[in-house]
Amino acid sequence: MYMSTDEVRQAFLSFFESKGHQIVDSSSLVPVNDPTLLFTNAGMNQFKDYFLGLEKRDYSRAVTAQRCVRAGGKHNDLENVGFTARHHTFFEMLGNFSFGDYFKKDAIQYAWDFLTQVLQLPKERLLVTVYQTDDEAFDIWNKQIGVSEERIIRIGDKKGGKPYESDNFWQMGDTGPCGPCSEIFYDHGDHIWGGPPGSPEEDGDRFIEIWNIVFMQFNRQADGSMNPLPKPSVDTGMGIERISAIMQNVHSNYEIDVFQRLIKETADVIGFEDLSNQSLRVVADHIRSCAFLIVDGVIPSNEGRGYVLRRIIRRAVRHGNKLGATDSFFHKLVAPLIEVMGSAGGELKKQQAIVEKVLRAEEENFGRTLERGMTILDEALKNLDGKVLDGETVFKLYDTYGFPADLTNDVAREHGLSIDEAGFEQAMEAQRQRARESGHFGTDYNSAIKVDSSTAFCGYTDVEKNAQIISVYVDGQAVDSLREGDSAILVLDETPFYAESGGQCGDSGVIRSASGNFIVNDTQKSGDAILHYGVLTSGHLTAETDVEAVVDAGRRKAISLNHSATHLLHAALRQVLGSHVAQKGSLVKAENLRFDFSHLEAVTPEELKKVERLVNQEIRKNHIIETQLMDLEAAKAKGAMALFGEKYDSQVRVLSMGDFSTELCGGIHASHTGDIGLFRITSESGIAAGIRRIEAVTGEAALDSLEEQKDSYETKLSDISAKNKLLEKEIQQLKDKLASQAGANLTQQVKEISGVKVLVAQLNGADNKALRGMVDELKNQLGSGVIMLGNVSGDKVGLIAGVTKDLISRVKAGDLVNMVAQQVGGKGGGRPDMAQAGGSDVQALPQALSSVDEWLESRL
Ligand code: SER
């Protein structure tokens, strides 16, 4: 029977649903509240606290198709991808879970029924393993299912290993839920080399493990001891790619429908023909992890998860380049990926444009240095003396050309060489040291201490509370008492102080007793405890003292207004820009708020105006801000915005503001939207490809910002007008200068009439004042003469006549100007030596000026 990967997924979910299991969505690849894990790497991750009895849910059986990434961190398969048949950075794990419900008997029966009845695998192809001492599982396989004894293999602890270090004892990590397991293997046939599990040839490819059924029974402690779980449970995991390979009658995972399509698309996009090339597999694998990591909010960066993503993208780009890709190609695989993921591709489809943009930006960014780096690397490998590339060169490639060390290692490996990882680390450390010395470092509060106790939180209703100190820490160590001046952390039995979470910053205030005053600067969480960070400013304090915990209410109020405004902003952005807008981060402080969200382009000034108006409109509607506790499902049905991939309890706090905004939120808010008063956006910027950031202020701060803006505009205005005056003055001086230069040029047009020097000329755009200056200047230059200038300025004519003193008995400037003025629709007169007039007939001026010669001839 043939089944597509999508059909296998559906069949699995439906089968277990029919056995009373709740279908639960895959959780995010970024584990929530689990600092021990880089990426989700197994189906059980999202249920860890449920197994441990720390969390309640309203089902005791669940089934999932969980997306997983094994790259970077403890489970790192990155470097093997492309070179083996079954390593992936991204895969999907099908799993059924029992939380204190059924145990070994049903778990084994369900697995057997699914494989042999639903998928109709031949029983003789299957064999199983159990943990060495697990007689119970052995008997169930043998007696209940009917698997013959020789097909049930007992596997013990590894030779020379620690107790329970075994392929048949599954542990999530060094601590946490664990238990013996039973694995089901499929025999791909004797044409492939390999032996059954436990045999010397077990590493061959003939017998492939397809399903792991873990009987969760213990919680492993850091010291290695095993505490029983509250109830025996079940966690199973079956890689969908492996089981699909069987259902599609192929041996390598890369031959299943999903990969064949991606390999073909990659080859087409790049223009490469040989579909068996390993680099095609690398690219087809990597597009899956990269696209889904971005869907789950990871953005390429130089640290943590973002750096793992960057490494995978760059590795894919390098392999594409090897195949001859000259242009960006990687992002073009997102569309086919959505298709092949079928029912698991929904969220990717929604975020397609963003994912493509992020990939493309990273690809182009790296593409710029890839070729130069490769030239340098090839050169270094060619001239290599020995087999190991030195750490300094690896570092230089990293630092200057953006080559992650594992990419350099990849290339070295292709030449049968390796890199000096320790040397690279040393060079990296030296750089970190330089950065530290230049002052780039911060305090990581959370890593400071781990506290087991728990604090009741009463801050939703109170800002003051009488409480008791339950522990005191100085420099990460528990102490009994504090002296004046000590910086410390206080943990109380109950507190109104809100600990930083969900983007809302921690409260500040004071914790005081009859004996001392402790100023709280910040509040953080550690497990269920709330930590008050601060300084004892007077007196002394000891553990178990009764205290009064008082939050700085003014600051708290400002924070709560900003938090409520953040919800309005989120809803408004979705209305104005579209429902693709998803929250990528937020920071709510007393001074302002910051909201990061997915959107491809810069938000235009018009859009920002709309968003700001909309938020202010909703503020004026003065909605009551309501909180309600309800089931997660009911909240989703109500349309509450939840962060995609965020882990929520089955009971959630839903915050609504009229019908404008409904979000899941544990933060502290105003009581009515009207309390916010005023909302103003102060900036909009891009922080990564496809991620925008808006900063805004509310209440008093919004008014302050308005006033500041007004003041700054006024200052700017007066600066501008002062500068303007200065400029006007300069222009005038320049005009005068120009006019006098023009005057100098005019002297070339001087002619003589009856032995008298005469200058008649037309100017354009000169200033009247400048004209007078010009005539004076011309008189000086001529010594003796008659001057008549006409000037056109816009639709007006200006006229000026000048006669040197020695000639005024023969010609009067006033007469002359008047004669001309009459011809241009004006009238004028003045002193005999200098007279001015105006006119309106611009067209008539040339003719009027040309009549001057004749007029003068009759008088001189
Ligand atoms: N947790 C087990 C595994 O990852 C079974 O799901 O193999």
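The first residue of the sequence shown is numbered 1, and numbering continues consecutively from there. We count ligands from 1, going down the list as the structure has it; atoms in each ligand are counted the same way.
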When only distance counts, is N41 in polar contact with ligand 1, meaning an N/O pair under 3.5 Å? no
Ligand 1 and G237, any nitrogen or oxygen pair closer than 3.5 angstrom? yes
Whether M238 lies under 4.0 Å from ligand 1, heavy atom: no
About how many Å separate CE of M341 and CZ of R9, when rounded to the nearest 0.5 Å? 5.5 Å
Any side-chain donor paired with an acceptor under 3.5 Å for Q248 and E255? no
For [X], counting its heavy atoms only, list the atoms of ligand 1 lying under 4.0 Å from any of them.
{"X": "M44", "value": "1 (N)"}
{"X": "A42", "value": "4 (O)"}
{"X": "V214", "value": "2 (C), 5 (C)"}

May I ask you to identify the nearest protein heavy atom to [atom], giving residue, atom name and distance to one decimal place in Å?
{"atom": "atom 3 (C) of ligand 1", "answer": "W170 NE1, 3.3 Å"}
{"atom": "atom 7 (O) of ligand 1", "answer": "N212 ND2, 3.2 Å"}
{"atom": "atom 6 (O) of ligand 1", "answer": "D235 OD1, 2.9 Å"}

Got a salt bridge between D135 and R154, using NZ or NE/NH1/NH2 to carboxylate O under 4.0 Å? yes
Just wondering, do [Y] and [X] contact through their side chains at under 4.5 Å, heavy atoms?
{"X": "D205", "Y": "R86", "answer": "yes"}
{"X": "F47", "Y": "Q66", "answer": "no"}
{"X": "I256", "Y": "M247", "answer": "no"}

Residue pair L127 / R151: nearest heavy atoms and the distance that separates them: CB-O, 3.5 Å
